[in-house]
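Just so it is clear: chains get the letters A, B, ... in the order the sequence lines come, proteins before strands, and each one is counted from 1.
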There are 2 protein chains.
Amino acid sequence: MKLASNLQEQVASHLRRRILSGQLLPGTPLREQTLALEFGISRGPIRDALLHLTKEGLLVAKPNVGVKVAAEPSGFKRHVIVHLRREIEASAITAWFETRDPHLLRRLDDNLALYREACGGSDLGQVVELDMAFHRLIVETADKGSLVDLWLPIMLRMFLRYSRHRDLMESYHEHASIVRAMHAGREWEALEALKSHIV
Amino acid sequence: MKLASNLQEQVASHLRRRILSGQLLPGTPLREQTLALEFGISRGPIRDALLHLTKEGLLVAKPNVGVKVAAEPSGFKRHVIVHLRREIEASAITAWFETRDPHLLRRLDDNLALYREACGGSDLGQVVELDMAFHRLIVETADKGSLVDLWLPIMLRMFLRYSRHRDLMESYHEHASIVRAMHAGREWEALEALKSHIV
DNA sequence: CATTCGATGATTGTTGACAAATGACAATAG
DNA sequence: CTATTGTCATTTGTCAACAATCATCGAATG
C-alpha cells in the first residue's frame with residue numbers, strides 16, 4: 001500500500017477502498033463539507049479526490065448538487081465490461097509470453113501467497129486490494145504499463161459489486177491456475193484460465 | 001456544441017477541442033496560472049478542468065510539476081484501443097437492432113449531412129466534433145447511454161492522432177455505409193462496416 | 001384540491017492569498 | 001574534476017471566505 005504525499009490522493013485512496021469493500025453502498029451521497037470535517041482538511045483536496053473518483057466511475061456527479069456512490073452496472077453494461085477487461089488483460093498476457101520475463105512471475109507468486117492468506121481472513125478491503133493488485137501486475141508488464149490508465153476505470157466499475165456472488169477461495173484458485181500456466185509456458189491455457197476467471 | 005453553465009466544463013471543452021484539432025501538440029505543457037490569466041478566471045476551475053482532461057487521457061499529470069498534452073498511444077496500445085472501441089460500438093449497434101428505433105436513424109442522417117459539409121471545409125475542429133458526435137449517437141442509444149462514460153476516454157485517446165493519415169471524405173463515406181446498412185436492416189453489414197471503419 | 005410561486009437553507013462553484021514541493025543552477029568540499 | 005549542498009524562481013498544493021445555484025417546503029391562487 002503506497003502512501004501518497006498529497007492529500008487528494010490520500011482521500012481518494014481512502015474513499016476508493018471504502019466503496020470497493022462495500023462500506024459505502026451505491027446511492028450514498030458524499031458531501032464535500034462533511035468529508036472535509038471528517039478528514040480535518042479543507043474542501044479543496046476533497047473536491048479533487050471526488051473528481052478523480054467520478055472519472056474512475058465509482059461516483060456519479062450532478063452539477064450544483066453533489067456526488068453519490070455509483071450504481072452497480074446493469075446486466076448489459078456489465079457484459080460489455082467483462083469483454084473489455086478480457087481484451088485488455090489477455091493482450092497483456094500475450095505480450096508477456098513474448099519475453100516471459102521471470103520478474104513478473106516472482107511478483108505474482110508473492111501476491112498469491114498474500115492473497116490466499118487474506119481470503120481466509122475477514123478483511124474484505126484487503127482481499128479486494130490484493131485481487132486488484134494481481135491483475136494490475138499483469139496489465140503493468142505490457143507496453144511499459146501504458147494500459148493501466150485504460151484498464152483501471154473498467155476494472156473499478158466491475159469491482160463495484162465485488163462482495164456479492166463470490167467465493168473467495170475459488171477466486172484464489174483461479175489466480176493460481178493462471179500463474180501455473182504461465183510458469184509452465186502454456187499460453188493458451190493461461191488465456192483460457194483468465195477468460196473463465198473474468199465473468 | 002453544448003454550453004455548460006459552470007466554468008470548469010467550459011474550460012475543459014475548450015481545451016479538449018484545441019487538443020483534438022491539433023492546435024496543442026503532444027508534450028505541450030499547460031500551466032494553471034497561465035490558463036487562468038488567459039481565460040480571465042481563477043485557478044480553481046482550471047484545476048478541475050485539467051483533472052477532467054487528465055482522467056480522459058488527453059493530458060498526463062506529474063504531482064507538483066504539472067500537466068502536459070499526452071503522447072499519441074504506442075502501436076501496441078493503439079491496437080488494444082481499436083479492439084475496445086470496436087467492442088463497445090458493435091455492442092451498441094447490436095443492441096439497436098433489437099428495437100430499430102428510427103429516432104437514431106434520423107439523427108444519424110442529420111449528422112451525416114453536416115459531416116459531409118464539414119469535410120469539405122477547412123475547420124478541422126468542426127470535423128472532429130461531428131465525427132465524434134456520430135459515434136456518440138450510436139453509443140448513446142444502447143442501455144440508456146450508460147456506455148458513454150466507458151467509451152469516451154477510449155475514443156479520446158484514439159482521436160489524439162486524428163489529423164494524420166486520414167482522408168476526410170473517405171471517412172464520410174464509411175459513416176454513410178454504416179447508416180445505409182442500418183436503414184436497410186442488415187445487421188451483419190453494419191457491423192462489418194463499423195469494424196473496417198475503426199482502425 | 002391541485003398547482004404555481006417564492007422564501008429559505010443547504011450545497012456546490014469560485015476566488016485570491018499563502019504554503020509546500022520541485023527543478024535548475026551556482027557555490028563549495030573532497 | 002566530480003559530487004554534494006544550498007539557494008532561488010517557478011509551479012502546484014492547500015486553505016478559508018464569499019457567491020451562485022438548487023431542492024424543499026409552505027403559502028397564495030386558480
*asked:* Does dC22(D) have OP1 or OP2 under 4.0 Å away from a side-chain N or O of Lys62(A)?
replied: no
*Take the protein atom CD1 of Ile41(B) and the nucleotide atom P of dG16(C), then report the distance between them rounded to whole Å.*
10 Å
*Could you give the CZ-to-P distance, from Arg43(A) to dA17(D), as a whole number of Å?*
12 Å
*In whole angstrom, give the distance that lies between atom CD1 of Ile46(A) and atom P of dG13(D).*
15 Å
*Between dT14(C), dT14(D), dT21(D), which one does the side chain of Gln8(A) approach most closely?*
dT14(D)
_Length of the line joining Leu50(B):CG and dT14(C):P, which is rounded to integer Å_ = 14 Å
*State whether the number of non-hydrogen atoms from other residues, nucleotides or ligands found under 6.0 Å of Glu117(B) atom CD is greater than 12.*
no
*Among dC15(D), dT12(D), dT14(D), which is the nearest nucleotide to the side chain of Asn6(A)?*
dT14(D)
*Provide, to the nearest angstrom, the distance between the NZ atom belonging to Lys68(A) and the C1' atom belonging to dT11(C).*
16 Å
*Looking across every strand, which nucleic acid part, if any, lies under 4.0 Å from Gly44(B) by heavy atom: base, sugar-phosphate, or nothing?*
base
*Could you tell me the separation between the CG atom of Asn64(B) and the P atom of dT22(C), rounded to a whole number of Å?*
5 Å
*Candidates Glu89(A), Glu189(A), Arg86(A) - the one meeting side chain to side chain contact (heavy atoms under 4.5 Å, CB included) with Leu194(A)*: Glu89(A)
*Gap between atoms CD and P, on Glu32(A) and dA16(D) respectively (whole Å)*: 15 Å
*Identify, between Ser42(A) and Arg31(B), the residue whose nearest nucleotide on DNA chain D lies closer to the 5' end.*
Arg31(B)
*Give me the ring orientation class for His197(B) and His135(B): parallel if the planes are under 30° apart, tilted from 30 to 60°, perpendicular past 60°.*
parallel
*When you check the phosphate oxygens OP1 and OP2 of dT12(C), does a side-chain N or O of Arg47(A) lie under 4.0 Å from one of them?*
no
*Is a side-chain donor or acceptor of Asn111(A) paired with a backbone partner of Leu130(A) at a separation under 3.5 angstrom?*
yes
*Specify the separation, in whole Å, of atom CG of Leu7(A) and atom C1' of dA20(C).*
11 Å
*Describe the nucleic acid contact of Leu30(B) in one word from base, sugar-phosphate, nothing, applying a heavy-atom distance below 4.0 Å.*
sugar-phosphate
_By nearest heavy atom, map Pro45(A) and Gly66(B) onto DNA chain D; which one lands nearer the 5' end?_
Gly66(B)
*Can you say whether the rings of Phe134(A) and His175(A) are parallel (under 30°), tilted (30 to 60°) or perpendicular (over 60°)?*
parallel
